[in-house]
Amino acid sequence: MLDLKFINTHLEAVKNGMDKRRAKIDFILLSDNDEKRKELLLKIEELRHTRNTVSDEIAKLKKSRENADSLIDKMRNVSDTIKALDKELAAIEKAIQDFLISLPNIPYEDVPVGKDETENHLERIWGTPRKFDFEIKPHEEIGENLGILDLARASKLAGARFPLYFGNGARLERALINFMLDTHVSQHGYTETLPPFIVNRATMTGTGQLPKFEEDLFKIEGWDYFLIPTSEVPMTNIYANEIIDESILPCKFTAYTPCFRSEAGSYGKDTKGLIRQHQFNKVELVKLTTPESSFEELESLLANAEKILQLLELPYQVISLCTGDLGFSAAKTYDIEVWMPSQNKYREISSCSNCLDFQARRAGIRFRRKGGKKPEYVHTLNGSGLAVGRTFAAILENNQNPDGSVVIPEILIPYMGGLKIIRHDV
RNA sequence: GGAGAAAUGGCCGAGUGGUCGAAGGCGCUCGCCUGCUAAGCGAGUAUGGGGGUUAAACUCCAUCGAGAGUUCGAAUCUCUCUUUCUCCGCCA
């Protein structure tokens, strides 16, 4: 959420930001409502002031056993007026709030301007895609042939877009989760958390999934609860509506959780394999920082996510999302895309964003500086470190052999109990 | 699921219709004092919004879990919700 005062004082910059995002926003209603709000508030405060002072007088009169009936009579009118105006004000404030809560973040100044994902900016490429001298297979085929993946039976259990791993496949997924968590905790200094997988409406609103994107979420029927689409949601909200001490910043959290997405509107996209699932595993990184350090922290968060791919020896590229491709809450986002041989292209495996104070204002996450008077909003950052299912897929494809076996990346071997290669279980 | 109790400032805790934004204590900050430390003394110590000021001072409005209501006036009374605790039942 943007600050109303900021919008009022920097209207052109805000409009420009929305244009760059290709978001069509009408600001006229907002300024009208804000004018009305100020007028009403002034009137109401005056009336409340009289009510407060006169009520004190009534109290004094009553104490000295004098008659206060005429004052009470007068106040009855004042009270009724206040009530009526209060209702008017509440309606206007709700309109303003509805507007603000649906307004996306402003792209940061150095974000490349562009209309959609075709205009994202390539930052760097790491590693070289391997040359195969045999007919390569997509990961779902490799997995099914090895008996470690069974998407057909998963669809019997739940439906399309659900995973079912077996044996060394299930173990590989778990190995990846443990490896990622261990690396972020012991090498990168994150605190491991294990948050709820279901959260309430306020929490979903804090990070920006609600109110605009409810159709992307799984909702628990009969409850105002939602399955998390990413652990960014519970982790970023840990300090919601709190004022935290500056000394705990930057605050770095990591978590493994399953993630649940309805994938509404993506029918026909990535229908095969593990790329797009209603349920997938993810290790997430979240940071709360001071405003002055958030971009520095974005770079290190990105580096932390990249480190996982480097250790797994998977080729990838980093791109900077253009203004038209930015997510709702993000001011700046880097995507990491891993090489997928069967598709002959790089596919998103991590998205690292700086949301500035956008989520912090929604969720009420503030901090106080040493000796500082006013609390300030923190900056929030998040990034996948990494999407586990897609990492699994990338390993299968990049490390496949002509006989259909898959080489386990060196770093994962201890996590696989010494297993170096996955062959079909006989 | 049934029965009951509770929710007040950073923390503990008083307050059941009127000078209560809230006693007292602890903690914290600043100052004083004392060989050091501890103790002692004094002052200060919530958040948001508006006015005011170079900045302050100052001032107004709101906030005692959340929302609605009663009343001239609500921390205090009523209703709904949320959370926590105790007992019973059930349960991984």
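Proteins get letters first, then strands, A, B, ... in listed order; numbering begins at 1 in each.
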Taking rC11(B) as the reference, what is the distance to rU45(B) when you measure between their C1' atoms (whole Å, please)? 14 Å

Not counting sequence neighbours, which residues clear ring pair (Phe, Tyr, Trp, His ring centres under 6.0 Å) with H184(A)? List them please. H188(A), Y190(A)

Short N-O contact, K219(A) and E214(A), less than 4.0 angstrom: no

Working note: Q359(A) + T380(A), criterion side chain to side chain donor-acceptor pair (under 3.5 Å); need CA distance, chi angles, decisive distance, verdict. CA-CA 7 Å; Q359(A) 294 179 321; T380(A) 63; 2.7 Å; yes

Under a 3.5 Å cut-off for both distances, is rG31(B) Watson-Crick or wobble paired, and to whom? rC41(B)

Pairwise P distance, rG65(B) and rU76(B) [rounded to whole Å]: 8 Å

Which part of the nucleic acid, if any, lies within contact of D73(A), taking any heavy atom under 4.0 Å across all strands shown: a base, the sugar-phosphate backbone alone, or nothing? nothing

I want to confirm an ordering. Mapping L41(A) and K60(A) to their closest nucleotides on RNA chain B, which one lands closer to the 5' end? K60(A)

Which one of D110(A), T323(A), N354(A) satisfies the side chain to side chain donor-acceptor pair (under 3.5 Å) criterion with K332(A)? D110(A)

Paired to rG21(B) by Watson-Crick or G-U wobble criteria (both distances under 3.5 Å) is none

Tell me which nucleotide, if any, is Watson-Crick or G-U wobble paired with rU84(B) when both distances must be under 3.5 Å. rA5(B)

Which heavy atom of G208(A) sits nearest a heavy atom of S329(A), and at what distance? CA-OG, 3.7 Å

When we call it a touch if two heavy atoms are under 4.0 Å apart, what does I58(A) touch: a base, just sugar-phosphate, or nothing? base

For K63(A), which contact category applies under a 4.0 Å heavy-atom criterion: base, sugar-phosphate, or nothing? nothing

Heavy-atom nearest pair, R21(A) first then F328(A), reads NH2-O, 3.5 Å

Kindly give the heavy-atom pair with the smallest separation between C322(A) and V113(A), and that separation in Å. CB-C, 4.3 Å

Under a 3.5 Å cut-off for both contacts, is rA46(B) paired Watson-Crick or G-U wobble with anything, and if yes, with which nucleotide? rU63(B)

Hey, where on RNA chain B does chain A first and last touch, going 5' to 3'? Cut-off is any atom under 4.0 Å from a heavy atom. rG18(B) to rG73(B)

Mind checking who rG52(B) pairs with, Watson-Crick or G-U wobble, both distances under 3.5 Å? none

Say we look at rC32(B) and rA39(B): how far apart would their C1' atoms be, to the nearest angstrom? 14 Å

Going by purine N1 to pyrimidine N3 plus the second Watson-Crick contact, or the G-U wobble pair, all under 3.5 Å, which nucleotide sits opposite rA92(B)? none

How far, in whole Å, is rG18(B) from rA75(B) if one measures between their C1' atoms? 13 Å

rA22(B) versus rU47(B) - spacing of their C1' atoms, nearest Å: 15 Å

Return the pairing partner of rA74(B) with a 3.5 Å limit on both distances, Watson-Crick or G-U wobble; otherwise return none. none

Residue met sooner reading RNA chain B from 5', once E46(A) and L42(A) are mapped to nucleotides: L42(A)

Rounded distance in Å between the P positions of rG49(B) and rA57(B): 16 Å

With rounding to the closest Å, how many angstrom separate the P atoms on rC77(B) and rG15(B)? 12 Å

Identify whether any heavy atom of R37(A) sits under 4.0 Å from a base atom; if not, whether one sits that close to sugar-phosphate; answer base, sugar-phosphate or nothing. nothing

Please check if atom CD in E119(A) has more than 12 non-hydrogen atoms from other residues, nucleotides or ligands closer than 6.0 Å. yes

What does K5(A) touch in the nucleic acid at a heavy-atom separation under 4.0 angstrom: a base, only the sugar-phosphate, or nothing? sugar-phosphate

Could you tell me how far rG17(B) sits from rC30(B) if I compare only their P atoms? Round to whole Å. 42 Å

